[in-house]
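One structure below.
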Amino acid sequence: MLSSFVRTAFRKRVCLLGQNAVRAMSSSGGPFTSLVVSRPTEAITHVELNRPEKRNAMNRAFWSEMVDCFNQIADDPECRVVVVSGAGKIFTAGIDLMDMASDVLQPEGDDTARQSWNMRKIITKYQETFSVIEKCPKPVLVAVHGACVGGGVDLITACDIRLCTQDAWFQIKEVDIGLAADVGTLQRLPKVIGSRSLVNELALTARKLYADEAKSCGLVSRVFMDKEEMMAGAMEMAGEIACRSPVATQGTKINLIYSRDHSVAEGLDYMATWNMSMLQTQDVMKSAQAAMEKKSLKTVPFSKL
């Protein structure tokens, strides 16, 4: 259970977001329309799905803005860790079918071949919306409250650490609307929870997976009583990651993902190649000195990366 001090600190941090802690980012220089991006601390970036009146349904703007957002985060030397959450009553209702229908149901083209070619381009574009999270070298935590439906499952399986509230539930909804999930769930979820039988059941029946089962199967690592407690816990965990060497944390993420998709031997070889240069960082000596002096890593001035 988090202390009241941590929850109070998070509430104060949220208040600051409306003042001077917010830094909106987009390719055009203005704020996003489907996201709110803020900096609770110098090293933590908070990305919030921000269509609460539409239950954070994923409209056309969302699919491109997530790519722009995470590409900018990847290149931001100040940012060391990312927290993703949803505004309003739920995390996300998934794809906004009304907004996306023309793309999905009416691809351009004079014949079947051309329509299919354009449909493939659309699908691969949508896949990049969540692949960009996985490609981002900064560790990404996602905090889920309420419903996480369809595209929401695609999103969270691309993140590195998943947290949820006691009232959260997850649903692979695509079979109920006549298609197979095509932007990441079927590829990533089997590697997340390990049980191929459970993945098949969830994907083929579209049944809801509630918080307790989500934790027991490994989809999430922690369950919190409510959103306030979860967000405080997410920020606390993000702070623990952010105070460590960015060379170490980003290298760890990259090698975890590489090893997931390769054999042990290939993963070890990649790791050896990675660390033959990364071990030459000053961060190793700084971290070791802090340990010997029994100092917190929060006091160590690691350089930007």
Side-chain angles (χ1 to χ4, degrees), residues 25-27 32 34-35 37 45-49 56-76 79-86 91-92 94-96 99-100 103-104 107 117-144 148-163 170-174 179-194 199 202-203 218-220 249-262 266-267 270 274:
M25 301 188 301
S26 80
S27 58
F32 293 125
S34 67
L35 307 171
V37 182
T45 299
H46 182 198
V47 178
E48 186 177 41
L49 312 187
N56 294 325
M58 300 170 176
N59 62 353
R60 291 189 190 197
F62 168 85
W63 296 93
S64 60
E65 288 180 354
M66 281 288 282
V67 175
D68 291 342
C69 176
F70 273 89
N71 281 337
Q72 291 178 51
I73 288 171
D75 291 335
D76 182 356
C79 175
R80 295 186 184 181
V81 61
V82 185
V83 175
V84 178
S85 69
F91 180 69
T92 179
I95 190 171
D96 188 333
D99 190 66
M100 305 294 296
D103 276 357
V104 176
W117 187 265
N118 288 323
M119 176 60 78
R120 188 180 192 281
K121 288 169 61 178
I122 291 168
I123 294 170
T124 55
K125 175 185 175 182
Y126 291 165
Q127 288 174 344
E128 183 63 15
T129 297
F130 303 127
S131 293
V132 74
I133 300 173
E134 191 172 79
K135 293 174 184 176
C136 177
K138 318 298 171 72
V140 180
L141 290 70
V142 63
V144 178
C148 177
V149 179
V153 180
D154 295 297
L155 189 162
I156 69 168
T157 53
C159 297
D160 304 300
I161 299 173
R162 288 166 293 278
L163 314 173
F170 308 83
Q171 186 178 28
I172 305 171
K173 186 70 173 172
E174 282 81 354
L179 67 143
D182 57 3
V183 290
T185 290
L186 302 185
Q187 292 70 40
R188 295 188 177 100
L189 189 59
K191 299 181 187 239
V192 169
I193 67 177
V199 171
L202 296 172
L219 178 60
V220 301
T249 56
Q250 294 182 41
T252 296
K253 170 174 179 171
I254 290 167
N255 278 276
L256 281 170
I257 292 174
Y258 184 91
S259 293
R260 180 197 66 188
D261 299 331
H262 295 79
E266 290 170 324
Y270 189 78
W274 183 272

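Values below: all heavy atoms of this structure, side chains included; hydrogens, waters and symmetry mates excluded.
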**Report entry** Ionic contact status for D261 with K191, cut-off 4.0 Å
**Finding:** yes

Query - Separation of C148 SG from K173 NZ (nearest 0.5 Å) - result: 13.5 Å

**Report entry** Expected output: side-chain E174 to main-chain D182 donor-acceptor under 3.5 Å
**Finding:** no

Query - Between CD1 on residue I73 and CG on residue D68, distance to nearest 0.5 Å - result: 11.0 Å

Report task. Taking all heavy atoms of I123 and all of V183, pick out the closest pair and write down the distance. Result -> O-CG1, 4.3 Å

**Report entry** Close side-chain approach of S85 and H46, heavy atoms under 4.5 Å
**Finding:** yes

Report task. Scan for salt bridge (charged side-chain N to carboxylate O under 4.0 Å, His left out) pairs involving residues 117-130, sequence neighbours excluded, and state none if there are none. Result -> E128-K135

Query raised in the report: Would a distance-only check, ignoring hydrogens and angles, find a side-chain to backbone donor-acceptor pair under 3.5 Å from S259 to L256?
Result: no

Report task. Grab the two heavy atoms, one from I172 and one from A181, that are nearest each other, plus how far apart they are. Result -> CG2-CB, 4.4 Å

Query raised in the report: Are side-chain heavy atoms of L189 and L219 found at a separation under 4.5 Å?
Result: yes

Report summary line: SG (C69) and CZ (F62) are apart, to the nearest 0.5 Å, by 10.0 Å

Requested in this report: Check D76 against K138 and note the closest heavy-atom contact, atom names and distance.
Outcome: O-NZ, 2.6 Å

Query raised in the report: Is there a donor-acceptor pair under 3.5 Å between the side chain of T185 and the backbone N or O of D154?
Result: yes

Report task. State, with a plain yes or no, whether a side-chain heavy atom of T129 is found less than 4.5 Å away from one of E65. Result -> no

Query raised in the report: Are any of the side-chain nitrogens in R260 or E134 under 4.0 Å away from the carboxylate oxygens of its partner?
Result: yes

Query raised in the report: Out of curiosity, R188 CZ to I257 CD1, how far, rounded to the nearest 0.5 Å?
Result: 8.5 Å

Query raised in the report: Is the shortest heavy-atom distance from the side chain of V140 to the side chain of I161 under 4.5 Å?
Result: no

**Report entry** For the student: nearest non-hydrogen atoms of V142 and L155, plus distance
**Finding:** CG2-CD2, 4.4 Å

Query - Greater than 12 external heavy atoms within 6.0 Å of W117's CH2 - result: no

Report task. Show your working on side chain to side chain contact (heavy atoms under 4.5 Å, CB included) between V144 and T92 and close with a plain yes or no. Result -> CA-CA 9 Å; V144 178; T92 179; over 6 Å; no

**Report entry** Short side-chain to backbone donor-acceptor contact, K253 and C136, under 3.5 Å
**Finding:** yes

Requested in this report: Could you pull out all residues at least two apart from F70 that satisfy ring-ring contact (aromatic ring centres under 6.0 Å, His included)?
Outcome: none

Query raised in the report: Should I95 and V149 be marked as a side chain to side chain contact (heavy atoms under 4.5 Å, CB included) after you check the CA-CA gap, both sets of side-chain angles, and the distance that decides it?
Result: CA-CA 8 Å; I95 190 171; V149 179; over 6 Å; no

Report task. Mark yes or no for whether D160, through its side chain, and L141, through its backbone, hold a donor-acceptor pair below 3.5 Å. Result -> no

Report summary line: d(L49 CG, S34 OG) to nearest 0.5 Å is 7.5 Å

Query raised in the report: In chain order, what residues pass the ring-ring contact (aromatic ring centres under 6.0 Å, His included) check against Y270, with sequence neighbours excluded?
Result: Y258

Query raised in the report: With no hydrogens and no angle check, is any side-chain donor or acceptor of R162 less than 3.5 Å from a backbone partner on A143?
Result: no

Requested in this report: Examine distances only and state if a side-chain atom of N59 and a backbone atom of D96 form a donor-acceptor pair shorter than 3.5 Å.
Outcome: no

Requested in this report: Assess whether side chain to side chain contact (heavy atoms under 4.5 Å, CB included) is satisfied between V47 and V83, documenting all intermediate values.
Outcome: CA-CA 6 Å; V47 178; V83 175; over 6 Å; no

Query raised in the report: From F91 CZ over to F170 CZ, what is the distance, rounded to the nearest 0.5 angstrom?
Result: 9.0 Å

